[in-house]
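Here's the structure we're looking at; comments come further down.
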There are 2 protein chains.
Amino acid sequence: MVKFQDVQLDRTFSALADPTRRALLARLEREDGLSVSELAKPFPVSLPAIMKHLDVLSDAGLLTRSKVGRTVSCHLNAEPMEEAMGWLARYQRFWTERLDALEALLEARRKGQD
Amino acid sequence: MVKFQDVQLDRTFSALADPTRRALLARLEREDGLSVSELAKPFPVSLPAIMKHLDVLSDAGLLTRSKVGRTVSCHLNAEPMEEAMGWLARYQRFWTERLDALEALLEARRKGQD
DNA sequence: CGTAAACTTAACTCAATGGTTAAGTTTCAA
DNA sequence: TTGAAACTTAACCATTGAGTTAAGTTTACG
């Protein structure tokens, strides 16, 4: 095997690529344990459409569900995001360097004005 | 309009959801300014397939291209990743809290053993 | 000038996504 | 026990995505 394909990272990024799914996660970040229908309510799409989004989020490991009676509670699991952050962090220098340069410039100016 | 849809974030995450595209970016992170064919060489797919990936990366603003003669140099632009990091950062507490808890536990144990 | 290198475009295929409506299933409650 | 609430499943549809091969364009060079 030449190349290890990081399927988990694929699934995480692709789950996050949809605005509806990001909104669902954002909702759970503020208020965990909402039911499927409560989660679905704000969106202008059908319940089965939301179900599919929840399936995608579950497959990516970003969501767990627990059934009590006839209602299903949804729980955020942010852990897979850690790897995504880790991947992105490698590129952080490309914008922090820029900020550092700006800060250095501003610092130099400030000193010049003393 | 009820909801602002962040098209840039959609494009960034969906560009990053493909392992070939992530590999292309990783390559440019180490060695900027590679030509299209140099970039394509390591991959087991046709040149037009790579072209399409480069188009996706360009549309997401993650790549710029500059032509000199008949060769096209590719340049990484990591800036759009900043927003993606920002979005993810909101969830960072879910794993750093866990780590903090673990560290606290280990610290407590260490003290107990003194 | 003619050919080859380095892309680029076009046309096509196939599978996956994101949505729909309609028809289940299970559980609660009057 | 009957009906409604809260999902779930199935079947379908249109669009997009990732790949292909084949043909076209532009630039360099002997």
Side-chain angles (χ1 to χ4, degrees), chain A residues 2-3 5-25 27-28 31-75, chain B residues 2-3 5-25 27-28 31-75:
Chain A
V2 177
K3 194 99 199 174
Q5 302 220 111
D6 195 333
V7 176
Q8 180 53 53
L9 214 43
D10 292 4
R11 276 200 274 251
T12 304
F13 279 131
S14 117
L16 297 181
D18 185 279
T20 301
R21 286 193 293 264
R22 286 199 307 276
L24 288 168
L25 293 173
R27 188 97 185 281
L28 290 173
E31 195 176 359
D32 197 68
L34 290 172
S35 73
V36 170
S37 36
E38 280 169 333
L39 270 174
K41 208 159 292 170
F43 297 97
V45 295
S46 67
L47 191 61
I50 297 293
M51 288 288 298
K52 287 194 186 180
H53 284 305
L54 297 178
D55 289 345
V56 171
L57 292 170
S58 296
D59 290 349
L62 291 164
L63 186 101
T64 60
R65 281 176 278 196
S66 55
K67 191 168 189 168
V68 173
R70 62 184 160 170
T71 84
V72 172
S73 296
C74 297
H75 310 277
Chain B
V2 175
K3 194 100 199 170
Q5 304 220 112
D6 196 331
V7 175
Q8 179 54 51
L9 215 42
D10 292 5
R11 275 201 275 252
T12 304
F13 279 130
S14 114
L16 297 180
D18 185 277
T20 302
R21 287 194 293 263
R22 285 200 307 275
L24 288 167
L25 292 174
R27 188 97 185 282
L28 291 173
E31 194 177 359
D32 197 69
L34 290 172
S35 74
V36 170
S37 35
E38 281 169 333
L39 270 175
K41 206 160 292 168
F43 296 97
V45 294
S46 67
L47 191 59
I50 297 294
M51 288 288 298
K52 288 193 187 181
H53 284 304
L54 297 178
D55 289 344
V56 171
L57 291 171
S58 297
D59 290 349
L62 292 164
L63 186 102
T64 59
R65 280 176 280 197
S66 54
K67 191 169 191 169
V68 173
R70 61 184 160 171
T71 84
V72 172
S73 295
C74 296
H75 309 279

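Note that the structure is a prediction, hence the values are computed from the model and not measured. A note on names: the letters A, B, ... follow the listed sequences, proteins ahead of strands, and every chain is numbered from 1.
Nearest approach of B:H75 to B:S66, heavy atoms of both residues: NE2-OG, 2.8 Å.
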Interface polar pairs with nucleotides 2-6 of chain C, N/O, under 3.5 angstrom:
from	atom 1	to	atom 2	distance (Å)
C:dA5	O4'	B:R70	NH1	3.3
C:dA5	N3	B:R70	NH1	3.0
C:dA6	O3'	B:R70	O	3.2

The test is side chain to side chain contact (heavy atoms under 4.5 Å, CB included); show your working for A:I50 and A:T20 and say whether it passes.
CA-CA 8 Å; A:I50 297 293; A:T20 301; 4.2 Å; yes
Go through the steps for B:L63 and B:L24 under the test side chain to side chain contact (heavy atoms under 4.5 Å, CB included), then give the verdict.
CA-CA 10 Å; B:L63 186 102; B:L24 288 167; over 6 Å; no
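One axis for each end of the helix from C:dC1-D:dG30 to C:dA30-D:dT1, each built from five base pairs, and the angle between them comes to 0° at 10° resolution.
Per the geometry, CE belonging to A:M51 stands 15 Å off C1' belonging to C:dT20, to the nearest Å. C:dT17 atom P lies 12 Å from atom NE2 of A:H53, rounded to whole Å.
Annotation: of the two residues near DNA chain C, A:G69 and A:S14, the 5′-most nearest-nucleotide partner is A:S14. Summary of the strand contacts: B:V45 and A:S73 both lie near DNA chain D, and taking for each the nucleotide with the nearest heavy atom, the more 5' one is attributed to A:S73. The residue among A:D18 and B:P48 whose nearest nucleotide of DNA chain C is located toward the 5' end is B:P48.
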Side-chain polar contacts of residues 38-48 of chain B - donor-acceptor pairs under 3.5 angstrom, sequence neighbours left out - could you list them?
from	atom 1	to	atom 2	distance (Å)
B:E38	OE1	B:S35	N	2.9
B:E38	OE1	B:S35	OG	3.2
B:S46	OG	B:A49	N	3.4

Give the table of side-chain donor-acceptor pairs shorter than 3.5 Å for residues 9-17 of chain A, with sequence neighbours excluded, one pair per line with atom names and distance.
from	atom 1	to	atom 2	distance (Å)
A:D10	OD1	B:R22	NH1	3.0
A:D10	OD1	B:R22	NH2	2.7
A:T12	OG1	A:Q8	O	2.9
A:T12	OG1	A:Q8	NE2	3.0

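With values rounded to the nearest 0.5 angstrom, A:C74 atom SG is found 12.5 Å from A:L62 atom CG. Note that CG of B:D18 is 4.5 Å distant from NE2 of B:H53, once rounded to the nearest 0.5 Å.
The list of salt bridge (Lys or Arg N to Asp or Glu O under 4.0 Å) pairs with a residue in residues 56-66 of chain B, not counting sequence neighbours, reads B:D55-B:R65.
Applying the side-chain hydrogen bond (donor to acceptor under 3.5 Å, both in side chains) criterion to B:T64, with sequence neighbours excluded, gives no partner residue.
Protein chain B contacts DNA chain D from D:dA18 to D:dA28, reading 5' to 3' and using non-hydrogen atoms of the protein with a distance under 4.0 Å.
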